[in-house]
Amino acid sequence: MVTFKRLMAVALLIALAAAGVWYFMFYRSDEAVIGRRIDKFETLLTKSPGSGGSAEALANLQLSGMIADGCEVREIHPLIDGVYSPTAFASLVSQGHAACDRIEVEFDHEDIKLTAPASATITLEASVEAKLKGGDKQEDNRDLIIKMKKVDDDWKIASITAPPMLKD
C-alpha cells in the first residue's frame, strides 16, 4: 500500500513537471502567444447579427489594447489607409461595424516569423464577408502582412499591409 502511494506521488510529480515544461516551452512561446493574439483579432473584427452596444464597447476596449501606437494600415483601401492610435483604430472598426448587419472575418494559412526578439511578421489569407445595413453584400479575399511588436511584454499590432495583387 505504501509503495502504491509513493508510485502515485511520483507519477503525479512527473505529470506536473511535464505540464510545466509544456506550458513554458509551447503555450507561452512567442509564436503561440502571437497566434492567440491573431485569433482574438479575427474574433474582434467579426460582427454577429444583433450584437448590442455593450458587446461593441467591450470589443472596442479589447481591440484598442491589441494595437500599438502609430499602427500603420497600408494598401487596404484608400479611405482607411493611414496611421492610427489604438483608440482611433478601434473607432475605425466600430464605424465599420455600425455600417453592417453582419461581418464575418476569417484568417487562414497563418505563418508567424519572429524577425527579432521583440518583433514578428505574420502573413495570412484574410476572407471578409459583410452584409451592409441596406442589404448589399460584399466579399473580399486577400493576403495580409501583419507586423507585431512587443510592448511592455505584450504583443501589439504595429502595421497591417495588403501586398499588391498580381494583375493579369
Side-chain angles (χ1 to χ4, degrees), residues 22-23 26-114 118-166:
W22 173 82
Y23 177 75
F26 300 106
Y27 188 77
R28 289 195 38 148
S29 72
D30 284 332
E31 290 89 349
V33 171
I34 291 168
R36 287 192 299 277
R37 296 289 283 181
I38 292 296
D39 291 343
K40 183 68 175 176
F41 185 57
E42 174 186 6
T43 301
L44 292 172
L45 294 176
T46 299
K47 179 187 178 188
S48 303
S51 59
S54 59
E56 186 70 31
L58 180 60
N60 261 358
L61 184 62
Q62 291 176 335
L63 188 58
S64 65
M66 297 183 72
I67 305 299
D69 280 325
C71 179
E72 190 173 359
V73 177
R74 292 191 318 256
E75 305 294 329
I76 304 294
H77 191 278
L79 294 176
I80 64 171
D81 288 352
V83 178
Y84 295 95
S85 69
T87 52
F89 187 91
S91 177
L92 180 72
V93 171
S94 182
Q95 290 171 14
H97 283 188
C100 298
D101 286 328
R102 179 183 55 81
I103 302 172
E104 289 183 31
V105 177
E106 197 171 304
F107 294 157
D108 292 313
H109 309 290
E110 298 169 16
D111 181 30
I112 300 168
K113 288 192 171 101
L114 293 175
S119 64
T121 300
I122 302 94
T123 55
L124 54 86
E125 292 177 19
S127 301
V128 179
E129 287 184 25
K131 182 180 176 207
L132 302 174
K133 295 261 187 204
D136 292 341
K137 290 185 181 181
Q138 292 187 353
E139 292 182 21
D140 193 13
N141 298 305
R142 62 174 66 194
D143 294 333
L144 291 180
I145 298 171
I146 298 175
K147 294 192 184 237
M148 297 184 81
K149 65 181 179 179
K150 206 174 214 180
V151 179
D152 296 329
D153 222 23
D154 192 16
W155 285 98
K156 296 189 181 257
I157 297 171
S159 72
I160 303 169
T161 306
M165 292 192 262
L166 297 174

(message) Ignoring hydrogens, what is the shortest heavy-atom contact between Glu106 and Glu42? Give both atom names and the distance.
(response) CA-OE2, 3.1 Å
(message) Does this structure show an ion pair linking Glu139 with Lys137, if we count only N-O contacts that are shorter than 4.0 Å?
(response) no
(request) With the side chain counted from C-beta on, respond yes when Leu124 and His109 share a heavy-atom pair under 4.5 Å apart, and no when they do not. (result) no
(request) Could you tell me whether the side chain of Asn141 reaches within less than 4.5 Å of the side chain of Glu125, counting heavy atoms only? (result) no
(message) With rounding to the nearest 0.5 angstrom, report the NZ to NZ distance, Lys156 to Lys149.
(response) 10.0 Å
(message) Between Lys47 and Cys100 (side chain of the first, backbone of the second, donor and acceptor by atom type, cut-off under 3.5 Å), is there such a pair?
(response) yes
Please table the atom pairs, donor to acceptor, closer than 3.5 Å between any side-chain atom in residues 88-96 and protein atoms at least two apart or in another chain.
none

(request) Would you give the length of the straight line joining atom NZ of Lys131 to atom CG of Asp136, rounded to the nearest 0.5 angstrom? (result) 10.0 Å
(request) Kindly give the heavy-atom pair with the smallest separation between Asp101 and Lys133, and that separation in Å. (result) OD1-CD, 3.4 Å
(request) State, with a plain yes or no, whether a side-chain heavy atom of Leu44 is found less than 4.5 Å away from one of Val105. (result) no
(request) Let me know which of Asn60, Ile157, Ile67 forms a side-chain contact (heavy atoms from CB on, under 4.5 Å) with Pro86. (result) Ile67
(message) To the nearest 0.5 Å, what is the distance between CG on Leu114 and CD1 on Ile34?
(response) 5.0 Å
(request) Look up atom CD1 in Ile146 and atom OG1 in Thr123, then write down how far apart they are to the nearest 0.5 Å. (result) 9.5 Å
(message) Nearest 0.5 angstrom please: Ser127 OG to Arg142 CZ, how far?
(response) 11.0 Å
(request) Check salt bridge (Lys or Arg N to Asp or Glu O under 4.0 Å) between Asp39 and all other residues, then give those that pass, not counting sequence neighbours. (result) none
(message) Run the side chain to side chain contact (heavy atoms under 4.5 Å, CB included) test on Met148 and Ile38 for me, step by step, so that the C-alpha distance in whole Å, both residues' side-chain angles and the decisive distance to 0.1 Å come before the verdict.
(response) CA-CA 10 Å; Met148 297 184 81; Ile38 292 296; 4.0 Å; yes
(message) Could you tell me if the side chain of Leu45 sits less than 4.5 Å from the side chain of Ile103, heavy atoms only?
(response) no
(message) Would you say that Leu63 contacts Phe41 through its side chain, given a criterion of any heavy-atom pair below 4.5 Å between the two side chains?
(response) yes
(message) Distance check, rounded to the nearest 0.5 Å: Arg102 atom CZ versus Leu132 atom CG?
(response) 10.0 Å
(message) Just checking Gln138: does its CD atom have more than 12 heavy atoms from other residues, nucleotides or ligands closer to it than 6.0 angstrom?
(response) no
(message) For a quick test of reading the model, state the closest non-hydrogen atom pair linking Pro163 to Ile145 and the distance between them.
(response) CG-CD1, 4.0 Å
(request) For Arg37 and Trp155, indicate whether the former's side chain and the latter's backbone hold a donor-acceptor pair under 3.5 Å. (result) yes
